[in-house]
K.L.:
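Below you'll find the structure I mean.
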Number of protein chains: 4
Amino acid sequence: MAEKKTVPSDGDAGGIAGKQLKSLVERIERLEEEKRALAADIKEVYAEAKGHGFDTKIMRKVIALRRRDPQDRDEEEALLETYLRALGMGPAVGGRTAAE
Amino acid sequence: MAEKKTVPSDGDAGGIAGKQLKSLVERIERLEEEKRALAADIKEVYAEAKGHGFDTKIMRKVIALRRRDPQDRDEEEALLETYLRALGMGPAVGGRTAAE
Amino acid sequence: MAEKKTVPSDGDAGGIAGKQLKSLVERIERLEEEKRALAADIKEVYAEAKGHGFDTKIMRKVIALRRRDPQDRDEEEALLETYLRALGMGPAVGGRTAAE
Amino acid sequence: MAEKKTVPSDGDAGGIAGKQLKSLVERIERLEEEKRALAADIKEVYAEAKGHGFDTKIMRKVIALRRRDPQDRDEEEALLETYLRALGMGPAVGGRTAAE
DNA sequence: AACGTTGAAATAGTTC
DNA sequence: GAACTATTTCAACGTT
């Protein structure tokens with residue numbers, strides 16, 4: 001049966017390939033740690049915002065919206081309305097439906 | 001790995017209370033398992049929906065909307081617009097037609 | 001294939017597809033309600049436990065641990081193979097392969 | 001029913017609070033961008049590893065495990081105390097006390 | 001009763 | 001395009 005390739009160089013268990021692997025893994029781990037640090041920073045800023053009385057949940061939405069392509073937004077919105085209409089509910093925005 | 005004892009099966013301090021604890025824990029575990037089963041069922045229905053060509057992401061949104069108090073929705077929407085306006089962005093999202 | 005459509009049979013909002021969507025949505029909503037009921041039951045059991053003087057926080061930890069343990073064991077086993085393979089050795093079955 | 005607060009200091013959308021909000025949002029966005037850059041770097045390293053013939057899926061597993069391990073150790077320690085407390089004994093400090 | 005913490009649900013992204 | 005993983009979001013809980 002065909003063996004799945006695990007490490008590049010063949011019979012050299014723990015040899016050259018091992019060194020290389022170790023190096024790669026360590027690089028990744030370092031980058032990931034930096035990434036985590038950034039995430040912590042972001043969290044802090046949110047905390048600060050909250051301390052100033054802002055609603056962080058809404059802030060997150062705003063930031064997500066800004067990141068997003070306006071066209072996609074519109075399309076999704078349209079689709080949502082379509083589904084709501086198919087369910088007999090009026091479009092969610094612009095006030096409640098008259099029914100019920 | 002060595003197993004850890006959950007309760008001192010035979011320790012004096014654990015006696016009666018230990019039995020009771022065990023019973024409570026098991027009841028909870030049973031309920032949680034049922035809960036997980038239900039979650040799996042829900043997942044299945046979504047898969048079926050997808051198979052019929054529906055957009056499950058939108059479906060989730062619809063269901064979330066239906067679950068939610070209309071008043072809260074409106075308030076949140078208003079706040080979102082407020083924030084967007086404070087940032088100098090038009091109220092891009094919020095259900096109005098794309099062309100304003 | 002390759003149509004980007006909104007509902008399977010399109011243009012028929014509130015029609016056939018609408019019925020189907022409605023049915024799916026309602027099924028999901030029903031399942032979700034059962035799920036919520038179960039969650040409430042679990043909460044009750046915790047309340048009862050608390051009433052008997054147990055520390056629910058610890059109980060949660062214990063339950064979480066019991067749930068995690070089997071997984072961990074599997075992962076550990078998988079990992080063992082992983083490392084072996086990473087070292088250029090075949091899966092542990094039967095020890096070293098003849099291929100050496 | 002409590003009123004929902006929109007922006008902290010005043011209703012002056014686009015005013016003082018608006019400046020503050022904008023500043024916070026931009027800081028977050030900048031940090032997020034750095035974070036994304038890091039994620040891209042990580043991805044690159046994986047690509048490089050793959051180019052050298054390594055199985056990145058396994059690499060991810062290994063890295064995840066190395067990250068989880070220290071946590072597990074802490075949890076294990078915490079759990080020890082947990083069990084002791086569940087037995088009605090105080091935290092393990094000093095072993096069994098005479099206070100029983 | 002707000003706060004932070006934590007675990008689960010959902011979403012996005014990636015690989016095959 | 002389907003599955004898996006990683007990230008993000010949301011809700012519950014205890015805490016102060």
Side-chain angles (χ1 to χ4, degrees), chain A residues 4 28 31-32 35-36 38-40 42-44 46-51 53 55-65 67-69 72 76, chain B residues 28 32 35-36 38-43 46-47 50-51 53 55-65 67-68 72 76, chain C residues 1-4 28 31-32 35-36 38-47 49-50 54-65 67-68 71 75 78, chain D residues 2 4-5 28 31-32 35-36 38-40 42-47 49-50 54-65 67-68 71 74-75 78:
Chain A
K4 227 174 171 185
I28 290 167
L31 290 168
E32 283 190 348
K35 190 145 90 64
R36 270 191 292 276
L38 246 356
I42 291 168
K43 203 175 156 187
E44 263 185 62
Y46 274 114
E48 184 187 333
K50 186 169 197 169
D55 184 327
T56 58
K57 186 184 169 188
I58 304 290
M59 280 180 68
R60 284 176 196 275
K61 286 206 177 189
V62 168
I63 288 170
L65 277 176
R67 194 169 41 224
R68 210 157 154 202
D69 182 14
D72 287 348
E76 189 174 306
Chain B
I28 290 166
E32 283 190 346
K35 188 144 108 23
R36 270 190 292 276
L38 246 356
D41 289 348
I42 291 168
K43 203 174 155 188
Y46 274 114
K50 186 171 197 169
D55 183 327
T56 57
K57 185 183 169 189
I58 303 291
M59 279 180 68
R60 285 176 195 275
K61 286 208 177 185
V62 167
I63 288 170
L65 277 175
R67 193 170 43 224
R68 209 154 155 204
D72 287 347
E76 188 174 307
Chain C
M1 46 202 341
E3 315 156 65
K4 186 94 175 168
I28 291 167
L31 291 167
E32 283 190 348
K35 191 144 93 52
R36 270 191 292 276
L38 247 356
D41 288 349
I42 291 168
K43 203 175 155 186
E44 262 185 64
V45 180
Y46 274 114
K50 190 170 194 169
F54 291 105
D55 185 327
T56 58
K57 186 181 171 184
I58 295 182
M59 282 179 68
R60 284 175 195 277
K61 273 203 180 186
V62 169
I63 288 170
L65 191 88
R67 186 173 52 230
R68 239 199 325 270
Q71 289 176 4
E75 282 178 26
Chain D
K4 266 221 165 126
K5 152 173 70 171
I28 290 167
L31 290 167
E32 283 189 348
K35 189 144 93 58
R36 269 190 294 275
L38 246 357
I42 290 168
K43 201 174 152 187
E44 262 185 63
V45 181
Y46 274 115
K50 189 170 194 168
F54 290 104
D55 184 327
T56 57
K57 186 179 172 187
I58 294 182
M59 280 179 69
R60 284 177 196 275
K61 272 202 180 185
V62 169
I63 288 169
L65 191 88
R67 185 173 52 230
R68 235 196 330 270
Q71 292 176 3
D74 292 345
E75 282 179 23

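Just so we're clear, the structure is a prediction, and the values are computed from it rather than from any experiment. Letters A, B, ... are given to chains in the order of the sequence lines, protein chains preceding strands, and every chain is numbered from 1.
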K.L.:
Could you tell me the separation between the CD1 atom of Ile42(D) and the CZ atom of Arg60(D), rounded to the nearest 0.5 Å?
P.N.:
9.0 Å

K.L.:
Please state how far atom CG in Asp55(B) lies from atom C1' in dG1(F), giving the value in whole angstrom units.
P.N.:
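Between C1' of dG1(F) and CG of Asp55(B): 15 Å.
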
K.L.:
Any idea which heavy atoms bring Tyr46(B) and Thr56(B) closest together, and the distance?
P.N.:
O-CG2, 3.5 Å

K.L.:
Using a 4.0 Å heavy-atom cut-off to protein, can you give one letter per nucleotide of nucleotides 5-16 of chain E, 5' to 3': B if the base is in contact, S if only the sugar-phosphate is, - if neither?
P.N.:
---SSSSS-S-S

K.L.:
Would you please name every residue forming a side chain to side chain contact (heavy atoms under 4.5 Å, CB included) with Arg36(C), sequence neighbours left out?
P.N.:
Arg67(B), Glu32(C), Glu33(C)

K.L.:
List the atom of Ala49(D), the atom of Met59(D), and the distance in Å for their closest heavy-atom pair.
P.N.:
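Closest approach of Ala49(D) to Met59(D), heavy atoms only: CB-SD, 3.6 Å.
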
K.L.:
Does a salt bridge link Lys61(C) with Glu75(D), judged by any charged N lying under 4.0 Å from a carboxylate O?
P.N.:
no

